[in-house]
2 protein chains.
Amino acid sequence: MTASRAGGPRERYRAQVRAEIKEAALEQVASGGAGAVALNGIAKRLGVSGPALYKYYCSRDELLTELILDAYADLAAAVTAAADATAGAPARARLHALAAAYRDWARAHPQSYLLLAGPPSPTYQAPPETVDSARAVLGPFLSVLAQLRPGPGAAALRAQLAGWAQTTPAVAEWVHTFAPDGDPGDMLTGAVTIWARLHGIVALETVGLYTGMGFDPAALLDAEVDALADGYGLP
Amino acid sequence: MTASRAGGPRERYRAQVRAEIKEAALEQVASGGAGAVALNGIAKRLGVSGPALYKYYCSRDELLTELILDAYADLAAAVTAAADATAGAPARARLHALAAAYRDWARAHPQSYLLLAGPPSPTYQAPPETVDSARAVLGPFLSVLAQLRPGPGAAALRAQLAGWAQTTPAVAEWVHTFAPDGDPGDMLTGAVTIWARLHGIVALETVGLYTGMGFDPAALLDAEVDALADGYGLP
DNA sequence: CGCGTTAGTTATAGACTCTAACCGGAGTTA
DNA sequence: TAACTCCGGTTAGAGTCTATAACTAACGCG
């Protein structure tokens with residue numbers, strides 16, 4: 001038949017080489033951003049010449065998507081770990097911890113974070129999986145926001161998100177798995193809000209737009225988390 | 001001597017061609033993002049062949065910086081126009097207007113906004129002027145935030161920014177030109193905060209990470225502006 | 001009018017993505 | 001065990017791009 005057997009040695013070798021390619025590509029990303037990923041360079045690094053890589057990834061963009069999905073998974077794991085580590089703590093403290101974990105991941109892998117923040121090449125078309133992966137990062141935040149009560153200014157947003165959860169069962173289930181009790185509309189509002197605040201702060205910091213402004217991004221992040229907790233009644 | 005005279009016809013022709021190059025490059029950005037900017041393509045479009053462009057821009061990166069600076073200036077103009085148009089209105093309404101102007105500009109020129117949001121090429125090194133230009137966008141916001149009183153959660157951030165304004169005369173002057181009365185620490189805190197919130201919302205929307213989530217980014221933006229006004233005491 | 005600066009040309013080097021055609025060996029199967 | 005079949009790897013090459021070098025022609029200035 002076409003493909004070699006599922007657990008066969010051919011398959012395992014293939015998986016290992018794909019991992020090595022990804023590893024080399026990740027180094028290139030770390031050193032020069034998404035644009036620095038060059039199949040030529042990776043091939044040289046692996047002691048293999050040129051087009052051999054196309055046996056493993058049928059295009060550069062496919063390799064980049066894999067990197068993006070991995071980065072999302074890594075970021076989600078970091079946030080999830082923070083959620084687990086603070087399991088019993090009060091909601092506000094947990095939110096601070098999750099936000100710090102998010103920012104710390106971005107500071108540890110700045111170029112990877114930029115990879116998530118924008119399409120890397122003109123030919124690149126983001127596949128729908130990336131949107132799902134991005135959403136996976138939000139999950140742990142939901143579990144921290146069960147007691148959130150958005151204020152009147154967010155009423156319109158809350159209504160829209162509540163409607164989304166009601167009309168889309170998958171969303172309702174997703175919210176339910178992370179926080180069984182708590183209003184979906186409230187929690188989704190909080191998750192989207194903190195996501196946008198986080199991304200704004202971290203993206204500006206990563207790009208370097210804070211340079212020369214005499215403040216610590218961590219202070220801004222703390223202030224924003226507190227502002228959310230204060231404004232939306234998080235204990 | 002070396003350069004032709006300041007107002008001479010040579011100089012004017014040169015300026016015009018540079019503008020045409022930038023215009024073509026801007027179209028490429030609009031259609032495919034920063035990575036789609038190709039000197040070859042621009043040359044073809046202008047009916048000129050290849051290396052002629054290097055007489056006008058000594059590298060692709062220099063052209064990109066020019067595009068970035070222009071984009072910042074354009075965005076700043078849009079925000080400034082909104083500030084002027086709402087001169088007498090209450091602070092909260094003005095803040096809503098400025099935020100909407102910011103987002104509208106990004107929606108009108110999504111790829112240009114992405115250009116501001118991240119370094120476009122591996123070789124690209126953002127010159128310090130871009131940081132200054134980015135800061136120019138914040139100016140109009142300062143003039144709207146004179147009555148802002150950040151809460152206790154932002155105390156650390158406020159102190160840092162107040163110190164920055166005190167030790168750096170240029171910053172103090174900058175703040176003073178946009179809002180003669182009002183505490184610099186308070187206003188800078190508000191400006192940085194609203195900047196990060198704006199960028200977070202608009203960047204996620206522009207990249208397309210909200211797709212499939214049943215809410216209108218405008219509702220999120222309104223909620224965030226109201227939350228800032230409520231939390232930090234803006235009338 | 002003549003000199004020098006400058007806009008434009010072609011040729012070329014170097015890097016990159018990706019396709020095509022072709023070996024050789026390893027895994028699979030009878 | 002022997003034959004068959006994929007599959008990983010190779011080289012060659014097309015086509016794209018940035019950027020440099022060397023040269024030509026025209027334009028403006030004094």
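Predicted, not measured: the structure shown is a model, and the values here were computed from it. A note on names: the letters A, B, ... follow the listed sequences, proteins ahead of strands, and every chain is numbered from 1.
If you measure from atom OH of A/Y57 to atom C1' of D/dG8, you get 16 Å, rounded to the nearest angstrom. Between A/K44 atom NZ and C/dT17 atom C1' the separation is 14 Å, expressed in whole Å. Atom C1' of nucleotide D/dA19 and atom CD of B/E62 are separated by 14 Å, given to the nearest angstrom. Put simply, CZ on B/R60 is 15 Å from P on C/dC16, counting in whole angstrom units. Distance B/R12 CZ to C/dT6 P: 18 Å, rounded to the nearest Å. As a whole-Å value, the separation of A/K55 NZ from C/dA21 C1' is 11 Å. To the nearest angstrom, C1' of C/dG4 lies 10 Å from CZ of B/R10. Between A/Y13 atom OH and C/dG27 atom P the separation is 11 Å, expressed in whole Å.
Residue contacts for B/A38: at a heavy-atom cut-off of 4.0 Å it reaches the sugar-phosphate backbone alone, with no base atom in range.
Among the nucleotides D/dT11, C/dG8, D/dA19, the one closest to the side chain of A/S49 is D/dT11. Ranking C/dG8, D/dG8, C/dT17 by closeness to the B/V48 side chain, first place goes to C/dG8. Checked against C/dT10, C/dT17, D/dC17, the side chain of A/N40 finds its nearest nucleotide in C/dT17. With D/dG9, C/dA7, D/dT18 as the candidates, the nucleotide lying closest to the side chain of B/R14 is C/dA7. When distances are taken from the side chain of B/L39 to each of D/dA19, C/dG8, C/dT10, the shortest belongs to D/dA19. Across D/dG8, D/dA19, C/dG8, the shortest atom-to-atom separation from the side chain of B/Y54 is found for D/dA19. Taking every side-chain heavy atom of A/Y56 into account, D/dG9 is the closest of D/dG9, D/dT18, C/dG8.
Across the interface with DNA chain C, nearest-nucleotide mapping of B/P51 and A/D61 shows B/P51 to be the residue nearer the 5′ end.
Side chain of A/R197 to backbone of B/A196: no donor-acceptor contact under 3.5 angstrom is found.
For the atom pair CD of B/E129 and CG of B/L69, the computed distance is 5.5 Å after rounding to the nearest 0.5 Å.
Looking at A/L138 and A/W174, their side chains come closer than 4.5 Å, going by heavy atoms from C-beta outward.
Residue B/R45 forms a side-chain contact (heavy atoms from CB on, under 4.5 Å) with just one option from B/E20, B/E23, B/E27, and that option is B/E27.
Checked against the 6.0 Å centroid threshold, B/W195 and B/H199 do not count as a close aromatic pair.
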